[in-house]
Participant: 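Sharing a structure with you now.
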Amino acid sequence: MAKAKTNTEDYLRMYRQMMRIRTFEDNANQLYLSAKMPGLTHMYSGEEAVAVGICEALTDDDRITSTHRGHGHCVAKGANFKEMFCELLGKEEGYCRGKGGSMHIADQSHGNLGANAIVGGSMGIATGSALRAKLLGKDDVTVCFFGDGATAQGLLYEVMNMAALWNLPVIYACENNGYSEYTKTEEIAAGSITARAEAFGIEAFKVDGQDVLAVNELTQKLVARCRKGEGPFFIELETYRYHGHHVGDINREYYRSKDEEKDWKENRDPIIRFRSYLVAEGIATEDEIEAMNAEIEKDATEAVAYAEAAKYPDVSEVDMHVYAD
Amino acid sequence: MAKAKTNTEDYLRMYRQMMRIRTFEDNANQLYLSAKMPGLTHMYSGEEAVAVGICEALTDDDRITSTHRGHGHCVAKGANFKEMFCELLGKEEGYCRGKGGSMHIADQSHGNLGANAIVGGSMGIATGSALRAKLLGKDDVTVCFFGDGATAQGLLYEVMNMAALWNLPVIYACENNGYSEYTKTEEIAAGSITARAEAFGIEAFKVDGQDVLAVNELTQKLVARCRKGEGPFFIELETYRYHGHHVGDINREYYRSKDEEKDWKENRDPIIRFRSYLVAEGIATEDEIEAMNAEIEKDATEAVAYAEAAKYPDVSEVDMHVYAD
Amino acid sequence: MREITLSQAVNEAIAEEMRRDPTVFLLGEDVAEAGTPFKVLSGLVEEFGTERVIDTPIAEPGFMGIAVGAAMTGSRPIVDLMFGDFIFLIMDQLCNQAAKTHYMSGGKLNVPLVLRTNMGATRRSAAQHSQSLHALVSHIPGLKVAMPSSAYEAKGLMKTAIRDNNPVVIFEDKLMYQDKAPVPEEEYLIPFGEANVKREGSDITLIATSSMVQVAEKAAAILSNEGIEAEVIDPRTIVPLDEATLIKSVKKTSRAIVIDEGHQSYGVTSEIASRLNEKAFYHLDTPVVRMGAMDVPIPFSPALEDITVPTPDRVVEMARKLCSGEMIHAA
Amino acid sequence: MREITLSQAVNEAIAEEMRRDPTVFLLGEDVAEAGTPFKVLSGLVEEFGTERVIDTPIAEPGFMGIAVGAAMTGSRPIVDLMFGDFIFLIMDQLCNQAAKTHYMSGGKLNVPLVLRTNMGATRRSAAQHSQSLHALVSHIPGLKVAMPSSAYEAKGLMKTAIRDNNPVVIFEDKLMYQDKAPVPEEEYLIPFGEANVKREGSDITLIATSSMVQVAEKAAAILSNEGIEAEVIDPRTIVPLDEATLIKSVKKTSRAIVIDEGHQSYGVTSEIASRLNEKAFYHLDTPVVRMGAMDVPIPFSPALEDITVPTPDRVVEMARKLCSGEMIHAA
Ligand SMILES: Cc1ncc(C[n+]2csc(CCOP(=O)(O)OP(=O)(O)O)c2C)c(N)n1
Ligand SMILES: Cc1ncc(C[n+]2csc(CCOP(=O)(O)OP(=O)(O)O)c2C)c(N)n1
Ligand SMILES: [Mg+2]
Ligand SMILES: [Mg+2]
């Protein structure tokens, strides 16, 4: 079970993980801009405290399901840069042998059941993972990540109903970043998101998704309660995505203002906030943090270089893995 | 717009319509028991006050969508016995030329968009009908009937969200008869049904579905508000089905007791209750009511005989109506 | 050998596998106390309890998704979909998720689940409760598709399906639940991708799936009286499809009719006929003929419904034409 | 003649029909200000307002159902489904409701709606954003299915679709949105069920849909240099299918390849090949060959994705084989 994250080591790891996500995304974006990445990808930058606050409350036995905006969840759940960049570039050494790419990246070894290119597509999967835990008498917990836009999918209400009826150890984590593609949340979500969960008898919480400690503290409590059979739970996390909907969404002013973006970046950035806190509390010095950042940057640069040089899967792989033996 | 149902004529019509439903179902059941009806069918007996209370607040321009348990809605919305029995027997003169049968009976001329054999399948259709009204500037209202079991379908939450966002003139009427097939509602519905609608910002009401006046009064209010653009609304109607899930569901004790059935039939029957009221208030005498019943019975008997003798569609019809011209 | 119904055969297969493997469980609407509307699963909840025989709300996409997640993480769910027509509701979870997960994960995640559902018209259940939709799922790589034609196949294929590490869809003919067939007491499995030659013949090959196997056999019996010996083959699984056995037969008989209860156009008969044409073309004396259900929604009226599906008489008539050379230069 | 892109052609068709008929409206995700991610609908909301160009939440089954209800009661909705892969989510509303309503009501209710969506791989979008799923809907009676192969067809078929009184599904190839073609300024409609002979030839018939028409034309050009004259035919709608034109061509050339971007097995090529075999059998010198996409989920890796779909080179190679007689007795 996850230890309470109240010591230096845990705090530093949370910082490191957030910084790793930001760095990963900066590099991924660069790969896109330099036309080295096949297809498009969705950046998690700005939302790091959500994935890290939650995943730091989980163990490798706990599962998560992720979304089209999935790099953050993947890193936070323990993945390596090398296999991740290889996957993004469609290389054989990628987590999915290059067959999945950004939108399907999965990391079975750390309990990441995969990103999903169907909005809301993993809600059943997460709930099923929790049912399996209950049926097989395991105490692991599954977290289902999804966006505010995904709350429009009926599947959510179907599986919340069953999770509530059967007391499943699943936490529905709604990353409310204010937008679904190019549309504001209020234009596509009537009423209250947390009330929807509560109507099914599920305890629901709203938390500042830019405050990694708040997210982590709440999640730890709920994970512990899930392990005792008190699940399911629902969390709405208020957050923001810094980039466009995907890397190609550059001119955004027709749906949101530069001022709004600036405000979130300058005043609510989860990494800047937590860094100041670490320094103020004497948990780390500026120098230590800079060293950590540099190390992460180096790790990323090396992983990118490795992935660029890595080989594509052999064409003979094209019809492998259609069926399992 | 529907007049307030406060006069004798309106009350008598409500009684008549409830009695017509009961009589229709008794005859349909008899057709099944005597092996004259192809397939199975789902009896509405016991729930008459719901369909009648609601439909008597509507005009022919208002639309309804119905369910697998759809005879009650069909009669209440104004259909004739003759075309209905012909449809149930697969005859050419049926409302759908025998092609739909009990589970797809529709009556376009009175605004009944049809029964549906997919549980929850008509929730989108009803909401779409309401959207059409809004877009084309009409003031008609659409009522979407569905059961407690259907609240498990995600589609409901998808369309309620849109109906709420767009203020559509639609009323979601949940006929909670305590069971979905052979399962009690509490085993398949977590939390509160009305709260689910409220979470989308939809005003929701719970009403005694065995009290035709209560149902009618509420519906009239909501229909009027819908016409003014104040929709959508949600009503949960507490009711009970007297027969099995379908006509073939005879031995029911493994899922509900005879005592329970007896209690509803003896103490909460919507027709008996309303009949006593009419007599007590001096709106009709026992004799007048008996005469009405007899007339309805005669109408049904004649319609059944007619339908039995009517002809099947010609085999050449089999590939007609696949496509409209 | 003892005879049991198709319904009992399915029940036995599931019970045996649930006894053998504690990770197998069942979920669906009214599967527990009610044992499904067709009573196929009666008794299972008594033996395995409500933890392993789970009644769900009416939320097909939801419980299908739940099954995918359970399968991905170590359980082996059997999903009961009450009517095959409801497959339209779960296509996303079945085809975008279950079917693709193994491939998209580069072989790292498995989805060992069984979706059992049904097919078959002429029950007076109208357009939304009578469809035979197996062609749709057969088009999607990653799914296996089994179509038992009797109690014997129903048991053997179900056991194989439950042990398979992939999503398998089994379509049972709902009109055959009460049909009896000899079924051994001893355990047996029927491997996927092995067609069954039900009857040998030299004049024409009748390839038939599910309920249509009976139709083909009846037709073959009639034809035999007329001196036409039909070979009847049941592919048993249409994905994987045992092409070799089909082609071998057609090379021998030079003529074939493919019979299936799904709609004919863009359906199962099209695929099988195409493969025969491609791979046995120079051995064919006549075009391969397809007989599927009519391309119409299933009508309720008995007067109409019965003519939408292939019958022994119509197969006989077509076989006669093919064997008499009447079709030559018709095409 | 002026040239416009396929994207502009679709946009024009919709705008013209919305001007002509006030009951036509559009709904889907990000169709208004954003004009869809592919920008196909840009400008429409400015002209027709948010009442007729409606942004929906991400609820495909919901807004598809809403469209069915609107269509049944007097509107003519055009549903925008952002990716063809999402069709799995709306199958129930499309196939159990929209497709069957007219029939089930004995001809009394109509569902005049257009579902426009897309298809096509090689965009590096992986398994859930690259599928070509037109075979599935083609199997369902009650639906019509159009597959424009250029801007010209995109405009003419869309206008016909909007005026049709049935549910019509249009699959646009998402890789062709920027491709230009001559499109008249004057109004025109393309009737459903009329194939287009893109190129005449006497040696072999190449029947190709959507994006594959370009592939076939490229192949035909190469073959022509080698003295093989291929006839290229675009069916334009696969339901209804202009069988007569296809059969006539094949009777002339005696050889055919059917090329389509959907998975090959249980797909569109199977149906077309079957019909040719049934109805032109004695005119064929070689088996009709099918070339569909590989039966694998679409892989992300560019190294793998490109080999899953038919290419001009592979068509040329196969055509050569067929014309040289190499296939004789191979089958
Ligand atoms: C079923 C489905 N519908 C539509 C899309 C296209 N799409 C991809 S992401 C997205 C917006 C999702 O919004 P949200 O859930 O808030 O997640 P965010 O992108 O904000 O993280 C849409 C509409 C999709 N991938 N799947
Ligand atoms: C999508 C779908 N799932 C399952 C069924 C089978 N079925 C028919 S009626 C029914 C129960 C419906 O319960 P409820 O909505 O409460 O309506 P009631 O029968 O009580 O009137 C079920 C499960 C169906 N017809 N459609
Ligand atoms: Mg969002
Ligand atoms: Mg009920």
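Labels below follow one simple rule: chain letters A, B, ... track the order of the sequence lines, proteins then strands, and each chain is numbered from 1.
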Participant: Which atoms of D:Asp295 come close to chain A, meaning under 4.5 Å heavy atom to heavy atom: side chain ones, backbone ones, both, or neither?
Facilitator: backbone
Participant: Chain D heavy atoms under 4.5 Å from A:Leu88: which part of the residue, side chain, backbone, both or neither?
Facilitator: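 Contact with chain D: backbone only.
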Participant: Tell me, side chain or backbone of A:Asn116 under 4.5 Å from chain D's heavy atoms, or both, or neither?
Facilitator: both
Participant: Quick check on the interface: out of A:Asp319, A:Leu40, A:Val322, A:Ile118, who has the most heavy-atom pairs with chain D under 4.5 Å?
Facilitator: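 Answer, by heavy-atom pair count under 4.5 Å with chain D: A:Ile118.
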Participant: Give a yes or no on this: more than 12 heavy atoms of other residues, nucleotides or ligands lie within 6.0 Å of atom NZ of D:Lys39.
Facilitator: yes
Participant: Hey, does D:Pro61 have a side-chain heavy atom less than 4.5 Å from the side chain of A:Gln153?
Facilitator: yes
Participant: Between atom CG of D:Asp30 and atom OH of A:Tyr255, what is the distance when rounded to the nearest 0.5 Å?
Facilitator: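 It is 9.0 Å, given to the nearest 0.5 Å.
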Participant: Do you know which two heavy atoms are closest between A:Val315 and D:Ala303, and how far apart they sit?
Facilitator: CG1-O, 3.9 Å
Participant: Might you point out which heavy atoms bring A:Met103 and D:Ser125 nearest each other, and give the distance in Å?
Facilitator: CE-O, 3.7 Å
Participant: Tell me, for A:Tyr182 versus chain D, whether the close heavy atoms (under 4.5 Å) come from the side chain, the backbone, both or neither.
Facilitator: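 It is both, since atoms from each part get that close.
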Participant: Check each atom of D:Phe88 against the heavy atoms of chain A and say whether the ones under 4.5 Å are side chain, backbone, both or neither.
Facilitator: neither
Participant: Is D:Thr56 close to chain A through its backbone or its side chain, or both, or neither, when contacts mean heavy atoms under 4.5 Å?
Facilitator: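 Backbone only.
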Participant: Between A:Val119 and chain D, which part of the residue has a heavy atom less than 4.5 Å away: side chain, backbone, both or neither?
Facilitator: side chain
Participant: Chain D: which of A:Gly154, A:Gly98, A:Ala150, A:Ser180 shares the most heavy-atom pairs with it under 4.5 Å?
Facilitator: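 Answer, by heavy-atom pair count under 4.5 Å with chain D: A:Gly98.
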Participant: Can you tell which part of D:Ile307 gets under 4.5 Å to a heavy atom of chain A, answering side chain, backbone, both or neither?
Facilitator: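 D:Ile307 touches chain A through side-chain heavy atoms alone.
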Participant: Taking atom NZ of A:Lys184 as the centre, does the number of heavy atoms from other residues, nucleotides or ligands within less than 6.0 Å exceed 12?
Facilitator: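 Yes, NZ of A:Lys184 has more than 12 neighbouring heavy atoms, counting only those of other groups under 6.0 Å.
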Participant: Below 4.5 Å, heavy-atom pairs only: which of D:Met294, D:Glu29, D:Arg124 has the largest tally toward chain A?
Facilitator: D:Arg124
Participant: What's the spacing between A:Arg97 CZ and D:Phe300 CZ if we round to 0.5 Å?
Facilitator: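 Here the rounded value is 15.5 Å.
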Participant: Which heavy atom of A:Ala117 sits nearest to which heavy atom of D:Gln128, and what is that distance?
Facilitator: N-OE1, 2.8 Å
Participant: Please flag which part of A:Leu89 lies under 4.5 Å from any non-hydrogen atom of chain D: side chain, backbone, both or neither.
Facilitator: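 Contact with chain D: backbone only.
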Participant: Would you name the heavy atoms of A:Gly90 and D:Ser301 that are closest together and state the gap between them?
Facilitator: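 What the structure gives for the nearest pair is O-OG, 2.6 Å.
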Participant: If you count heavy-atom pairs within less than 4.5 Å of chain A, which of D:Asp85, D:Leu89, D:Leu304, D:Thr308 leads?
Facilitator: D:Leu304
Participant: Output, in order, the C-alpha distance, side-chain angles, deciding distance and verdict of side-chain contact (heavy atoms from CB on, under 4.5 Å) for A:His68 and D:His129.
Facilitator: CA-CA 11 Å; A:His68 58 285; D:His129 276 62; over 6 Å; no
Participant: I need the minimum non-hydrogen distance between D:Ala127 and A:His104, along with the two atoms involved.
Facilitator: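 Taking every non-hydrogen atom into account, N-NE2, 4.1 Å.
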